[in-house]
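Heavy-atom basis, side chains included; hydrogens, waters and symmetry copies ignored. All values reported here derive from a predicted model rather than from experimental measurement. Numbered from 1 within each chain, the chains take letters A, B, ... in sequence-line order.
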Number of protein chains: 2
Amino acid sequence: MRDCHKWGQKFQNYGLRLTISREAILEVLINTDKHLSAEDIFMAVHSNNPAIGLTTIYRTLELLKQTGIVTKFEFGHGKAKYELTEEYSKKKHHHHLICKKCRKVVDYTDFIMEEKEYINKAATGMQNKFGFDIDTHIIHFYGICPECKAE
Amino acid sequence: MRDCHKWGQKFQNYGLRLTISREAILEVLINTDKHLSAEDIFMAVHSNNPAIGLTTIYRTLELLKQTGIVTKFEFGHGKAKYELTEEYSKKKHHHHLICKKCRKVVDYTDFIMEEKEYINKAATGMQNKFGFDIDTHIIHFYGICPECKAE
DNA sequence: TCTGATAATGAAAACCATTATCATTTTGTA
DNA sequence: TACAAAATGATAATGGTTTTCATTATCAGA
Ligand SMILES: [Mn+2]
Ligand SMILES: [Mn+2]
Ligand SMILES: [Zn+2]
Ligand SMILES: [Zn+2]
């Protein structure tokens, strides 16, 4: 159980320990399809492991970010949200729709071929023009969700 | 001078007063090609108008955001950055390259046709699929700038 | 199994960008 | 000029995140 997961390997390679806390946090991230804040994760973990503190949540999330296991998103609503990276998630490559009214965040997986084409072209162009090595990108669409339109 | 600008009209339409503070803040935004934080703007304004406080900077930036004169960006480095919107800026439609090491932000105006094509397709798709009305989008490219590569 | 070095942790305090409060000043209008 | 509404600055408060530091858990070697 402990070492059979992808991240178990990753942790070992980085000389990090796969502790109870870290496993509990990863488990929460694996078993959700939402975008969770540190506090969301703290509360989810707390029900089974009341001893784990919020500080550890923040520290672990930072660690998971550094090792490429989670992505940190700042949607502009005060608190950062976390999601497993494509490599470690069941989710496919996707981007986000954000409702400017209710702040809902929806995953959007369509038109990935077209996106890839544009992104590749742009990333190559930037490499050539600026010498900038691109390795990730973010696309956010802002608008009003159907519920807020109806209101 | 006071009313000959686009934003003068906009302010009037909204029943807002075009005060010294607001003009000073707009002037800073007009005369830069950088992405400034509230504090950056405060310091720039301060040299000529020491009486203007940081609170007014924040309040005015929020106002300018509401009226569509500035865009607020959260690049994930702690403080928000502000830039005139396409409509009020000399800059063309563009997106951003962000260096993950030194946090530099570079404007990128290439491949806009290709981008527009993809964005239109995606926005239409989302409208049809989710009933989500998209009106803006953000594209951020993350990577390492040439200076940091050389280090 | 013991032991020491190192990593991880929790509680509490500190940090810091941003926002709220409120008394005062400025502005547009009659 | 007088008055109401809007704008402002100093200050305090907020709240998500990070630091600090003493304690605990983990692992490698003896
Ligand atoms: Mn997502
Ligand atoms: Mn820009
Ligand atoms: Zn909504
Ligand atoms: Zn750099």
Just the rounded figure in Å: distance from [atom2] of [N] to [atom1] of [X].
X	N	atom1	atom2	answer
B:Leu54	D:dT11	CG	P	14 Å
B:Glu74	C:dA17	CD	P	13 Å
A:Lys79	D:dG16	NZ	P	5 Å
B:Tyr82	C:dA17	OH	P	12 Å
B:Leu61	C:dA17	CG	P	15 Å
B:Tyr58	D:dT14	OH	P	18 Å
B:Glu62	C:dT19	CD	P	7 Å
A:Ile57	C:dG10	CD1	P	8 Å

For the backbone of B:Thr60 and the side chain of B:Arg22, can you confirm whether one donor and one acceptor N or O come within less than 3.5 Å of each other?
no

As a test of reading the structure: which of [options] is closest to the side chain of [X], going by heavy atoms?
X	options	answer
B:Arg17	C:dT27, C:dT21, D:dA25	C:dT27
B:Thr56	D:dT8, C:dG10, C:dT19	D:dT8
A:Thr55	C:dA12, D:dA6, D:dG9	C:dA12
B:Ile52	D:dG9, C:dA17, C:dT9	D:dG9

With B:Lys6 as the cation and B:Tyr88 as the aromatic partner, state whether NZ or CZ is under 6.0 Å from the six-membered ring centre and within 45° of the axis.
yes

For a quick check of understanding: with a heavy-atom distance under 4.0 Å over all strands, which category does A:Ser37 fall into, base, sugar-phosphate or nothing?
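Answer is nothing: A:Ser37 stays at 4.0 Å or more from every strand.
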
A:Arg22 near the nucleic acid: base, sugar-phosphate alone, or nothing, with a heavy-atom cut-off under 4.0 Å?
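The residue A:Arg22 makes sugar-phosphate contact but no base contact.
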
CA sep, side-chain torsions, deciding dist, call: A:Tyr14, A:Lys10, side-chain contact (heavy atoms from CB on, under 4.5 Å):
CA-CA 6 Å; A:Tyr14 278 82; A:Lys10 191 118 191 180; 3.8 Å; yes

If you compare all heavy atoms of A:Asp107 against all heavy atoms of A:Asp33, which two are closest, and at what distance to 0.1 Å?
OD2-O, 4.1 Å

Side chains of A:His77 and B:Glu74: any donor to acceptor distance under 3.5 Å?
no

